[in-house]
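Data block below; observations after.
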Amino acid sequence: MSNDILVKAVEVTKNFGSFRALDAASLEVKKGEVCCIIGPSGSGKSTFLRCINLLERMDGGAIWVNGELIGYRRDGDHLHEISDAEISRQRRRIGMVFQRFNLFPHMTALENIIEGPVQVLNEPMAEARDRAMALLDRVGLADKAGHYPSELSGGQQQRVAIARALGMRPDLILFDEPTSALDPELVQEVLDVMKDLASSGMTMIVVTHELGFARNVANTVAFMEAGKMEEVGPASQVLSMPKSTRTAEFIKAVHN
Amino acid sequence: MVMEVSQVADQRYEIAHLKLVPKRHVGRMVAAAVVLALLAGLVRAFAMGQIEWNYVAEFLFAPAILQGLYNTLIMTFAAMALGIILGVLIAIMRISGNPVLSSIAVGYVWVFRGAPALLQLLLWFNLALIFPTIGIPGLFEFRTVDVMTPFVAAMLGLGISQGAYTSEVVRSGLLSVDSGQYEAARTIGMTQMKMLRRIVLPQAMRVMVPPIGNEVIGMVKLTSLASVIQYSEILHNAQIIYFANTRVLELLLVASFWYLVVVSVLSIGQHYIERYFGRGAKSIRATI
């Protein structure tokens, strides 16, 4: 495996009962790259993302993050499921931003960001606090540090959620439709933070319906349909000159 | 045109200067009068009745009564602590993926919710009849009658049956926490225990505090069952006194007074605990 490949997914398969959510989906994302996954709802985009940090267990295939096999330990020609503690350790380096933010409602914005570094990474409180304040400043919410999530707008909550993911110093951040639950006027502030993050060199995999964002920010775009990676390629090519007719139809339908 | 129409019609619509006569709630007034009359009758009956109020005053702070009150509080605390510990444990076993643990949790609730608390108290107290000694063979062994004091029997009987009820409260609390919270906690690399302790239980507490507060208040009064097995809580001590001086009702009133005081104090405490665990949550009052 080449050194600059951060995420490598090979023929990932996932079934929910008799429904095949992922059908041999493969993807490579290089370090520092932004990859947008687009496609109709129910095509397996979110499931694919959730397999990367083990929120879903795949039924077939394999995923490597930073050269490390996710969820299994290879021993000769056996794959052993790793312990819960090992899974927790692997997840630390993979940030995730959810559609519905999922901030901890009983903690302030600042406490939400500090929680992981202090409780999981055992960082000293003072250091974690300083870093969290810097992160809040970076997403433009330094003045909201003491506010509870219920006192923030959707866009502000999502920016805190991004700061919370950054607090863990991740190698990679997964975004699961980060702007889909937002009022239209709040979408741009979140996309701006994500764009800023991309230009700082963060590796990002973004499930999104924002084709404009994909066009402007993504290096690669993957179009998924029926659990398969229908088309993967450079953003400009997939979005402007798709090879697959299904991709073309989808992009046309979204633009209308 | 518009002006003309309104000028023609203006007489009928000018009512702003008229005097408003509020509706008279005759029914309400009658109901209030009847209830107040009944209440007055009740107060009079108690005042005229053969209650020696000076006995009530005399025994209100009697050492035996205060000692009983202290024992009632200790038992409430001990049984409820045991109930909550068991409740959390059983609820977590119930929702765990392990089918054996989950079945044991279901069985526990089934058995201990299925028998009256008084019966369970008697069972523990009389354990020596079937197990003369208890312990782990070879390691340690005690005579059951030495271990199973009224205090221990009451604590086990009340605490274990309480655990069955509390586990259902805890379970509903755990279920009330959004699955996104579990996912967010896992995503920042939390282990199962840390997730429960830091993220899930604090949020579940908001749902759990009102019913658990209810159960604590219930337990204060349930401890009176322990009088049956000679645990000297307040009702037991009041009975001992009235067996001697025959002032039955006076001493029952003394005990009632103290139960009411304890329950009132606990209700106030519950208010503050609810406020603590409600932090960050929008007030539900605004939505009703």
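Below, chain A is the first sequence line, B the second, and so on; all start at residue 1.
- For A/Arg50, the part sitting under 4.5 Å from any heavy atom of chain B is the side chain, from C-beta outward, and nothing else.
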Is there a side-chain contact (heavy atoms from CB on, under 4.5 Å) between A/Leu55 and A/Phe98 once you walk through the steps?
CA-CA 12 Å; A/Leu55 286 183; A/Phe98 300 87; 4.1 Å; yes

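- In this structure, the side chain of B/Gln181 does not engage the main chain of B/Val200 through any donor-acceptor pair within 3.5 Å.
- Ranked by non-hydrogen atom pairs under 4.5 Å with chain B, the options A/Asn102, A/Asn53, A/Val97, A/Leu121 are led by A/Asn102.
- Side chain of A/Lys31 to main chain of A/Thr203: no donor-acceptor pair is present (N/O by atom type, distance under 3.5 Å, no hydrogens or angles).
- Side chain of A/Asn112 to main chain of A/Phe104: a donor-acceptor pair is present (N/O by atom type, distance under 3.5 Å, no hydrogens or angles).
- The stretch residues 159-181 of chain A places A/Arg164, A/Met168 near chain B, each with some heavy atom under 4.5 Å from a heavy atom of that chain.
- Between chain B and the residues A/Leu54, A/Ile87, A/Ile94, A/Leu103, the most heavy-atom pairs under 4.5 angstrom are made by A/Leu103.
- Distance alone, capped at 3.5 Å, places no donor-acceptor pair between the B/Tyr231 side chain and the B/Ala153 backbone.
- For chain B, no part of A/Pro149 is nearby; none of its heavy atoms comes within less than 4.5 Å.
- The backbone N or O of A/Leu69 sits less than 3.5 Å from a side-chain atom of A/Gln90, completing a donor-acceptor pair.
- Between atom CZ of residue B/Arg186 and atom CD1 of residue B/Ile188 there is a gap of 12.5 Å, rounded to the nearest 0.5 Å.
- Interface check for chain B: of the options A/Arg100, A/Arg89, A/Gln119, the most heavy-atom pairs under 4.5 Å are formed by A/Gln119.
- Atom CD of B/Glu141 is separated from atom OG1 of B/Thr133 by 4.0 Å, given to the nearest 0.5 angstrom.
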